[in-house]
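Input: a single structure, listed below in structure tokens.
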Number of protein chains: 2
Amino acid sequence: MAEHPYHHGDLRAALLKGAEHTLREKGASALSLRELARSIGVSHAAPSRHFKDKQALLDALALSGFQRLTLALRQAATDAGTQGELTALARAYVGFATGNPELLEVMYARKHDPNASEQLKEAVDQLVVAVVQPIADGQAAGDIVPGDTMSIAMVVAATLHGIASFAANGALTPEAVTGVLDDAVHHLLHGLTPR
Amino acid sequence: MAEHPYHHGDLRAALLKGAEHTLREKGASALSLRELARSIGVSHAAPSRHFKDKQALLDALALSGFQRLTLALRQAATDAGTQGELTALARAYVGFATGNPELLEVMYARKHDPNASEQLKEAVDQLVVAVVQPIADGQAAGDIVPGDTMSIAMVVAATLHGIASFAANGALTPEAVTGVLDDAVHHLLHGLTPR
DNA sequence: ACCTGAACACCGTTCAAGT
DNA sequence: ACCTGAACACCGTTCAAGT
């Protein structure tokens with residue numbers, strides 16, 4: 001077994017892992033395919049067998065990000081009670097954002113690009129469902145005002161995303177995030193609760 | 001007068017104008033200093049006299065963006081009444097976002113970078129004031145619940161920014177934006193209004 | 001003071017050729 | 001099937017030299 005066998009074994013997985021590491025450490029703009037190949041010990045042309053271009057690699061990272069975020073939201077939303085469920089949802093979303101700020105940017109950069117793959121669009125749809133479902137449940141339980149579910153979900157999603165953006169880019173310190181989050185859920189709910 | 005006099009005249013302004021045009025048409029990732037210089041008819045090394053590097057050019061664009069956005073918010077917030085003022089504020093913010101999506105990204109990319117210039121930080125502070133002021137006014141008028149103004153402003157700003165992001169990246173169509181916006185202000189206010 | 005031209009050290013992408 | 005090496009057309013940045 002030589003140090004550098006001709007076939008890497010699983011170059012695709014190594015590229016994804018390395019790329020996410022670079023993303024996390026140095027940001028998307030610092031991601032270079034040539035440097036990535038170099039660090040893995042493969043020629044600069046090798047990645048093209050697995051990802052047709054740089055965007056294809058970023059798309060694969062975004063896809064995995066959407067899948068992981070959706071999973072996290074689903075696991076969070078199993079609490080009982082509308083307020084508890086929304087709070088858990090909000091914390092899961094913002095937790096992901098603070099834990100993976102650069103990945104989130106890559107994800108949102110492709111979110112509604114018409115050139116995105118069907119697979120990516122499907123993953124985005126799943127994420128939307130994970131956010132809309134708790135709202136629909138809350139309406140069914142009478143905890144949230146009746147009305148167009150999508151438009152209410154849009155407002156909730158916008159607030160979550162705004163807080164997540166502020167947290168991801170430093171406008172909000174990690175310590176301040178939880179407080180703002182709980183405030184936001186509280187203020188939103190008291191506007192959404194019938195009385 | 002030759003076609004290409006040795007001195008451009010106002011190369012700095014030409015660079016800013018050309019860069020913003022490219023930003024608008026093709027996005028930040030497609031902005032190349034060399035191509036910019038070429039389109040202006042100047043050598044590729046000339047821009048460095050006016051902007052030490054590419055980031056310095058982007059910072060100048062961001063600065064101008066923050067100043068224009070702050071001005072737009074100030075002009076919007078002169079309506080009478082808390083609800084009207086917040087609605088106008090929201091529309092102005094989101095209008096800027098849909099009209100200048102790529103510029104907004106450049107602005108937010110630098111928003112809390114510790115390496116940002118003092119001038120840029122000052123412009124960001126002015127923007128924050130423009131958002132916080134109407135909240136404080138609403139509290140003084142008894143239209144908004146008492147409590148920490150900054151934390152309430154944070155929730156409002158997050159919602160605005162979330163809607164603006166969705167509008168800027170296509171998650172929300174231009175036609176849908178106004179409706180979502182008015183819904184958001186309505187839902188937020190009914191949570192913020194004492195009763 | 002302002003700009004050019006050449007040079008340096010990088011990129012992403014493509015493609016014949018090798019294993 | 002998978003990877004290499006060379007080539008092409010770009011980048012951003014720096015710096016002596018020109019006007």
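- Checking side-chain atoms of Glu20(A) against main-chain N and O of Leu61(A) turns up no donor-acceptor pair under 3.5 Å.
- Side-chain atoms of Ile152(A) and His187(B), non-hydrogen and from C-beta on, do get closer than 4.5 Å to each other.
- By the 4.5 Å heavy-atom criterion applied to side chains, Asp59(B) and Gln119(B) are not counted as neighbours.
- Between the side chains of Arg68(A) and Ser64(A), at least one donor-acceptor pair of N or O atoms lies under 3.5 Å.
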- Item | Pairing string, 5' to 3', for DNA chain C - Watson-Crick or wobble contacts under 3.5 Å, brackets [ ] where pairs cross, | to another strand | ||.|||||...|||||.||

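- Minimum interatomic distance between Ala92(A) and Leu73(A) (heavy atoms only, all atoms of both residues): CB-CD2, 3.8 Å.
- Note on Arg38(A): only backbone sugar-phosphate atoms sit closer than 4.0 angstrom, heavy atoms only; bases stay farther off.
- Listed by residue number, the members of residues 43-50 of chain A with any heavy atom below 4.0 angstrom from DNA chain D are Ser43(A), His44(A), Ala45(A), Ala46(A), Arg49(A), His50(A).
- Here the side chains of Arg74(B) and Gln126(B) are in contact, with some heavy-atom distance below 4.5 Å.
- Two residues are said to be in side-chain contact when any heavy atoms from C-beta on lie closer than 4.5 Å; Leu71(A) and Gln75(A) meet this criterion.
- Ionic pairing of Arg38(B) and Glu35(B) is not present here: no N-O contact between side-chain nitrogen and carboxylate oxygen is shorter than 4.0 angstrom.
- Put simply, chain A comes within 4.0 Å of DNA chain C, heavy atom to any atom, from dC11(C) to dG18(C), going 5' to 3'.
- Looking only at side-chain heavy atoms (C-beta outward), Phe51(A) and Leu58(A) stay at 4.5 Å or farther from each other.
- Using a 4.5 Å heavy-atom threshold, the side chains of Val177(A) and Phe166(A) count as separate.
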